[in-house]
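Report on one structure; see the data block that follows.
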Amino acid sequence: MDTNDIKRIIKESNISYLRLQFTDMLGDIKAIEVPVSKLEDALSNKIMFDGSSIEGFVRIKEADMYLRPDINTFLVLPFEDNSNGGVARFICDCYTPEGKPFSGDPRYILKKQVEKMNKMGIETMFVGFEPEFYLFKLDKDGKPSTILSDSASYFDLSPFDGGENVRREIALMLEKMGFNVQASHHEVGPGQNEITFKYVDVISACDFVQTFKQVVKMVARKNGYLASFMPKPLNRQAGNGMHTNCSLYSKDKGNLFYDPNCEMELSILCKKWITGILSHARELSLLTNPIVNSYKRLVSGYEAPIYACWSDANRSSLIRIPAIRGLATRTELRNVDPCANPYLALAGILACGLDGIEKTKDSDIISPVSDNLFDLSEEEIEARNIVCLPATLHSAIKDFRNSAILKEVLGDHLFPKYIEAKEREWKEYHTTVSEYEIKKYLGR
């Protein structure tokens with residue numbers, strides 16, 4: 001796409017407003033909207049915003065920031081009210097007044113890891129997300145209730161599946177916007193859904209999943225539902241995951257994870273990639289599972305992983321290798337949840353995987369685990385030298401703080417700010433008296 005294509009589409013679609021989007025440190029989408037008359041200013045990188053108002057950005061005296069639209073992300077937003085003309089968006093990179101990329105921009109942080117990967121001779125990292133969400137009914141005032149859309153389970157159909165029409169509308173909207181939707185279905189929890197779309201390069205995948213969440217929430221609200229990506233919104237029910245499928249490619253060798261002559265048809269490079277991620281799994285958790293509620297999902301009994309190991313089939317493992325081989329050979333990282341900032345999470349995953357490729361000796365490659373770890377005792381787990389993932393946000397913060405590799409990934413600007421924000425969140429939670437405590441202890 002070039003600027004002439006954009007101008008043509010704007011005219012044909014009667015676009016009146018442009019939304020310039022970017023993502024803050026915590027993964028929330030922020031935006032500046034300008035009338036279409038400001039298109040040339042936007043394309044010339046002249047649109048400014050106050051960075052001091054954004055979590056993880058800059059101090060008041062450094063407030064001015066500039067948005068540089070990535071023209072390949074230009075997209076008409078069909079879910080917006082177009083009664084006064086349509087709305088189109090650009091995803092933007094954040095720059096300083098000196099014309100340099102802002103070091104705290106999550107998208108830029110991911111781009112730096114992609115550059116490092118390219119220098120190692122790896123051309124592309126492909127990523128496919130599998131985000132899950134629950135549908136809760138809105139009450140007569142438009143506020144969320146705790147009433148679910150249905151009481152169905154895995155792959156159920158109507159009339160048991162109360163969210164089928166909403167899910168189909170979301171999928172059709174995504175296709176209209178250029179997504180290659182692979183499948184949609186009811187998940188294991190009542191009112192829980194999953195929609196998957198085809199893998200793309202890592203930066204586009206993160207752009208896509210941010211757009212995906214917007215579309216899901218907008219279509220759900222239009223139909224009288226709140227779509228929740230909260231990792232564990234319900235007691236004793238499955239949590240919302242965002243399994244993250246990764247593979248590395250080069251034009252001359254194809255899928256670098258596939259080797260028909262190796263055990264399990266997985267290349268040595270793939271096994272070193274896995275080893276790198278597992279070796280840093282605990283410190284990575286603050287990026288892949290960034291909120292207090294994330295750790296209510298990572299418990300035994302709900303198909304969410306709690307052990308840093310890998311397997312070709314075992315769903316109790318942190319990393320699973322789907323059965324398909326050849327061009328589709330990939331690693332499925334199962335602990336990631338939908339509240340993760342996708343740019344930071346993938347920057348961390350990529351950095352740790354590349355670290356494994358660079359530094360792991362053949363003799364140090366971590367072997368796969370075939371047992372269902374949920375059936376083993378703690379003593380048996382320890383005997384196999386299998387590490388548990390953090391059980392709380394507080395524990396994850398401690399591991400993250402001591403991580404040299406992730407400090408380098410996030411940089412001197414964002415690393416301390418991210419820790420500060422997460423420590424604040426933990427303190428708020430830790431000092432709040434819960435409903436559980438009131439019910440259990442008030443009368444004692």
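In what follows, every heavy atom counts, from backbone to side chain, and hydrogens, waters and symmetry copies are set aside.
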List the steps and the verdict of side chain to side chain donor-acceptor pair (under 3.5 Å) for Asp207 and Tyr343.
-> CA-CA 8 Å; Asp207 292 343; Tyr343 303 103; 2.5 Å; yes

Can you check whether Gly191's main-chain N or O pairs, donor with acceptor, with Asp150's side chain at less than 3.5 Å?
-> yes

So how far is it from Leu75 CG to Asn72 CG, rounded to the nearest 0.5 Å?
-> 12.0 Å

Show your working on side-chain contact (heavy atoms from CB on, under 4.5 Å) between Ile321 and Trp310 and close with a plain yes or no.
-> CA-CA 8 Å; Ile321 310 298; Trp310 72 281; 3.8 Å; yes

Cationic tip of Lys217 within the cone over Phe133's six-membered ring, i.e. under 6.0 Å and within 45° of the normal?
-> no

Please answer whether the main-chain N or O of Arg320 pairs with a side-chain N or O of Ser317 as donor and acceptor at a distance below 3.5 Å.
-> no

Determine whether more than 12 heavy atoms belonging to other residues, nucleotides or ligands lie under 6.0 Å from atom CG of Asn118.
-> yes

Would you find a donor on one side and an acceptor on the other, under 3.5 Å apart, between the side chain of Asp337 and the backbone of Gly241?
-> no

Is Arg221 reaching over with its side chain to a backbone N or O of Ala227, donor-acceptor style, under 3.5 angstrom?
-> no

Just by modelled atom types, is the Gln21 backbone N or O under 3.5 Å from a matching donor or acceptor in the Lys30 side chain?
-> no

Residues passing the ring-ring contact (aromatic ring centres under 6.0 Å, His included) test with Tyr154, sequence neighbours excluded, are none

In terms of heavy-atom contacts, Arg167 and Glu194 come closest through CD-O, 4.1 Å

Taking Glu437 for its side chain and Ser434 for its backbone only, find out whether a donor-acceptor pair lies under 3.5 Å.
-> yes

Decide yes or no on salt bridge (charged side-chain N to carboxylate O under 4.0 Å, His left out) for Lys111 and Asp93, but give the supporting numbers first.
-> CA-CA 10 Å; Lys111 284 185 174 182; Asp93 296 305; 2.9 Å; yes

Please collect all ring-ring contact (aromatic ring centres under 6.0 Å, His included) contacts where either partner lies in residues 424-444, sequence neighbours excluded, each pair once.
-> His394-Trp426, Trp426-Tyr429, Trp426-His430

Heavy-atom closest pair, residues Thr288 and Ile349 = CG2-CD1, 4.2 Å

One should read off an interatomic distance between Cys246 SG and Leu346 CG, to the nearest 0.5 angstrom, of 6.0 Å

Between Ile397 and Leu286, the two heavy atoms sitting closest are CG1-CD1, 3.8 Å

Donor-acceptor pair, side chain of Thr432 and main chain of Glu428, under 3.5 angstrom | yes

Ignoring hydrogens and geometry, is there a side-chain-to-backbone donor-acceptor pair from Asn341 to Met25 under 3.5 Å?
-> yes

Where Thr96 and Phe102 come nearest, the two heavy atoms and their spacing | CG2-CA, 4.2 Å

Indicate whether any N or O donor in one side chain lies under 3.5 Å from an N or O acceptor in the other, for Glu132 and Asn193.
-> no

Taking Asp355 for the side chain and Gly276 for the main chain, is one N or O donor matched with an acceptor at less than 3.5 Å?
-> no

Check whether any side-chain N or O of Ser403 sits under 3.5 Å from a backbone N or O of Asp399 as a donor-acceptor pair, and report yes or no.
-> no

Only residue of Val127, Asp70, Val114, Ile91 satisfying side chain to side chain contact (heavy atoms under 4.5 Å, CB included) with Ile203 is Val114

